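A short write-up of the structure that comes next.
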Amino acid sequence: MRGDCASNDKLTAVHPAVIHTAPEIRARPGGWPGMAARFRRPALQAAIDAVAWTCGLLMAGLATSSAADLLFGPGDLVIVCAVTWTAAVLAGATCGLYSGRYQAQTGAELSAVLVSAGLTGLLLEGVCQAGLLLVGGRPAVLGFAALVGVLAMITARAAVAAIRRRPRRPAPTAVKVIVFGAGSAGTQLVQRLAGQPGARYRPVALLDDDPGKRRLRICGIRVRGGRERLAEVAAETGATVMVIAIAGGCRDGQVISQLITQAESIGLVTKVIPRVEELVAGPLRIDDVRDPRITHLLGRAPIRLDLEAAAGQFAGRRILVTGAGGSIGSELCRQLHRLGPASLVMLDRDESALHAIQLALHGRALLDSDEVVLADITDAYRVREVFAQTRPEIVFHTAAVKHLPLLERYPAEALKTNVSGTLNVLQAAADCGVQSFVNVSTDKAADPVSVLGTSKRITERLTAHMAAAFPGTWVSVRFGNVLGSRGSLLGSLSAQIAAGGPVTVTHPQVARYFMTATEAVQLVLQAVAVGDSGEVLVLDMGDQVRIVDLARRMADTASRHVEIVFTGLRPGEKLTEDLLGKGEPDHRPRHPLVRQVPVPALDAAEITAISHLTDPDEVRAVLARLAVAPGPEQTTGQSVLPGQPEKAETST
């Protein structure tokens, strides 16, 4: 939350004498002005309640007694007012009406008002029983007075709330906006914008797909229909922005994506409000609208896997992560660190990456502890040495080279790191008796046609081979494109847009599966709990997203026009990706969003026999051969040349 009070340091600098003469005031932000503002509202509420009860009592007396029975002199009136005010304020304070405990115009406040009215009536009845008759002193008079008092208290509170929430004059340059969503989030947003002087945005219309809200008005702004009327309402009101006011916006990513597409088609700029988690955890407010994030454009809600069962398997265990400085490895280390392992060994060949992850975990990075290990997985002796020293029980293998175009040019690097390096880690893990091993793969390993895909498919088969030869759980997981990872497509697009363009995309129809780093890490952790040894786990990531659509939406946020250029396909690229290869079943025995696919094993001796190869064409051929298990149902993966319409990817 954002405070409005002045700091104590500022108060000390401006009014040092106040600090010495009245130290009790120093603890209250703002000094005397702050105290006055703090007590002004409760005092006003108490005064209103007292007047309401006094008027109610007098009206009740007039309504139930003859004029001759009401002998009011100045002294009698003072006594009636004093007693009534005391009773009303005492009852209201007892019920917390003046402590800021209740939000205005809520059921909780109404209940407190009713209880306060009853308590006030009892106090006044007690006064009458004690011998001080108040305007008749009969129960009927007090009952009628209570009714009038309650109505007056409620009416006064409603009037004050209406005044506080009255529309204020927006800024002269305020942008006219259409708010989509008339639920709690939309209501709060409109109230904040309408009641905030000088607001940057001025709501002029509300839209909601719920037919039951078609007659609803919020701060005088009417719900004018559903999304089908967006173009018509925008033309009538002159709005240039649509704010999507769905507090759980990422819960229904398909709705968000459709709304953004529709708004863009009629020339509206789209904004979204912060998510509920951000409103709760950070300083953001409901009116802090912003541009949609890429996660809003995925067309699906972020996937949440139940990790409660898996979490207990990591506490008190010795864990090792290879590639710990990478995008997935670093996020995995952050999540594992919170689960309380006995030790968390982070291995990487990039010393700067190790420095960054240790700094993120501990707030310091001296690089002098055994938890950070500088090593290259292509060095078999060094890998065995690390495993012998640390004796991990669980291993997450994320280290790899992954840039498809480079590996097409230098396939021997894929053989050296992705294949032979993974075999080094697998063998070292088996030698020290690892209980669980998770190999991170890619969706390009399903019916692979690139060097990256064939090399990662071989790692899946090698992991399955270890599952057949050694005890424990040996599994692989397949990812789509991870949002925000180093060298990712979206990072490249952002850089091109920031540079003014052009943005390069290989083909108008190229599409990819996307997932967030959180989803990727959840799948990796879930693999330990639900995966059967020898399987590959594949997360259901919804529909593929066209890269050109992402590029256009990102380019639309730029301050100037950014051109999109199609460069043509490159060797090894696909038009679309596959999550499952030919012959792989869509089997989900443990979780509805996680496919568990058996993998044919590949003998480690096959890799030892080819580890010396360096000729690019020879390496490509042998990787393609070893990626496919022998059998009539399998086909050999082949590289795809530019110009073949069914294969493509993006170029950045």
Side-chain angles (χ1 to χ4, degrees), residues 294 322-331 348-350 352-353 356 376-378 397-422 439-460 476-496 499 503-507 510-515 517 520 544-545 547 550-551 565 567-578 614 616-617 619-620 623-624 627 637 639-642 647-652:
I294 293 300
T322 70
S327 303
I328 297 301
S330 59
E331 179 62 24
D348 204 294
R349 66 180 181 183
D350 185 342
S352 297
D376 191 330
I377 62 171
T378 62
H397 178 51
T398 74
V401 286
K402 62 180 182 179
H403 288 280
L404 187 148
L406 281 176
L407 294 183
E408 289 298 317
R409 295 180 61 192
Y410 309 108
E413 294 301 315
L415 172 62
K416 181 170 62 174
T417 300
N418 291 356
V419 178
S420 297
T422 296
N439 168 52
V440 173
S441 185
T442 171
D443 55 3
K444 292 176 175 58
D447 289 335
V449 297
S450 63
V451 170
L452 173 60
T454 55
S455 66
K456 296 304 286 185
R457 177 57 175 175
I458 290 172
T459 68
E460 294 178 0
S476 298
V477 294
R478 283 182 193 161
F479 289 164
N481 288 10
V482 178
L483 294 171
S485 61
R486 289 194 304 178
S488 68
L489 164 71
L490 297 182
S492 300
L493 291 177
S494 298
Q496 290 182 330
V503 173
T504 54
V505 179
T506 58
H507 192 283
V510 67
R512 291 291 175 265
Y513 290 104
F514 286 94
M515 64 193 311
Q544 299 190 68
V545 179
I547 304 304
L550 289 180
V565 176
T567 59
L569 311 181
R570 296 172 299 182
E573 296 181 334
K574 291 182 178 181
L575 188 65
T576 59
E577 295 290 358
D578 301 305
T614 57
D617 292 333
V619 172
R620 291 189 192 95
L623 289 179
S639 293
V640 180
L641 298 177
K647 308 293 183 182
E649 202 184 47
T650 58
S651 169
T652 55

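Values in this document were obtained by computation on a predicted structure and should not be read as measured data. Along the sequence shown, the residues carry numbers beginning at 1.
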- prompt: Hey, which of Thr322, Thr459, Thr398 is the one that makes side chain to side chain contact (heavy atoms under 4.5 Å, CB included) with Val440?
  reply: Thr398

query: Can you tell me how far CG of Asp443 sits from CD of Glu577, rounded to the nearest 0.5 angstrom?
result: 4.5 Å

task: Measure the shortest side-chain to side-chain distance between Arg478 and Glu460 over non-hydrogen atoms and say whether it is less than 4.5 angstrom.
output: yes

task: Check whether any side-chain heavy atom of Val401 sits under 4.5 Å from a side-chain heavy atom of Tyr410, and report yes or no.
output: no

Reported NZ-to-CZ distance for the pair Lys402 and Phe479, which is rounded to 0.5 angstrom: 10.5 Å

message: I'd like to know if the side chain of Gln496 reaches the main chain of Thr504, judged simply by a donor and an acceptor atom lying under 3.5 Å from each other, with no hydrogens or angles considered.
response: yes

query: Donor-acceptor pair, Arg409 side chain versus Pro616 backbone, under 3.5 Å?
result: no

task: With the side chain counted from C-beta on, respond yes when Leu452 and Asn418 share a heavy-atom pair under 4.5 Å apart, and no when they do not.
output: yes

- line: Here the gap from Asp348 atom CG to Asp376 atom CG, rounded to the nearest 0.5 Å, amounts to 9.5 Å

task: Looking only at non-hydrogen atoms, find the nearest pair between Thr576 and Arg512 and report the distance.
output: CA-NH1, 3.8 Å

message: Which heavy atom of Pro448 sits nearest to which heavy atom of Gly453, and what is that distance?
response: CB-C, 3.3 Å

- prompt: Between Thr454 and Val451, is there a donor-acceptor pair closer than 3.5 Å when you use the side chain of the first and the backbone of the second?
  reply: yes

- request: Locate the shortest heavy-atom distance separating Ala399 from Gly323; write the atom from each residue and the value.
  value: CB-N, 3.6 Å

query: Within a strict 4.5 Å, meaning less than it, do heavy atoms of the Leu406 and Glu413 side chains meet?
result: no

query: Roughly how far apart are Arg620 CZ and Leu415 CG, rounded to 0.5 Å?
result: 12.5 Å

- request: Calculate, to the nearest 0.5 Å, the distance between atoms NE2 and CG belonging to His507 and Leu575 respectively.
  value: 5.5 Å

- line: All heavy atoms of Arg457 vs all of Ala627, minimum pair found to be CG-O, 3.2 Å

- request: Measure the spacing between NZ of Lys416 and OG of Ser455 and express it to the nearest 0.5 Å.
  value: 13.5 Å

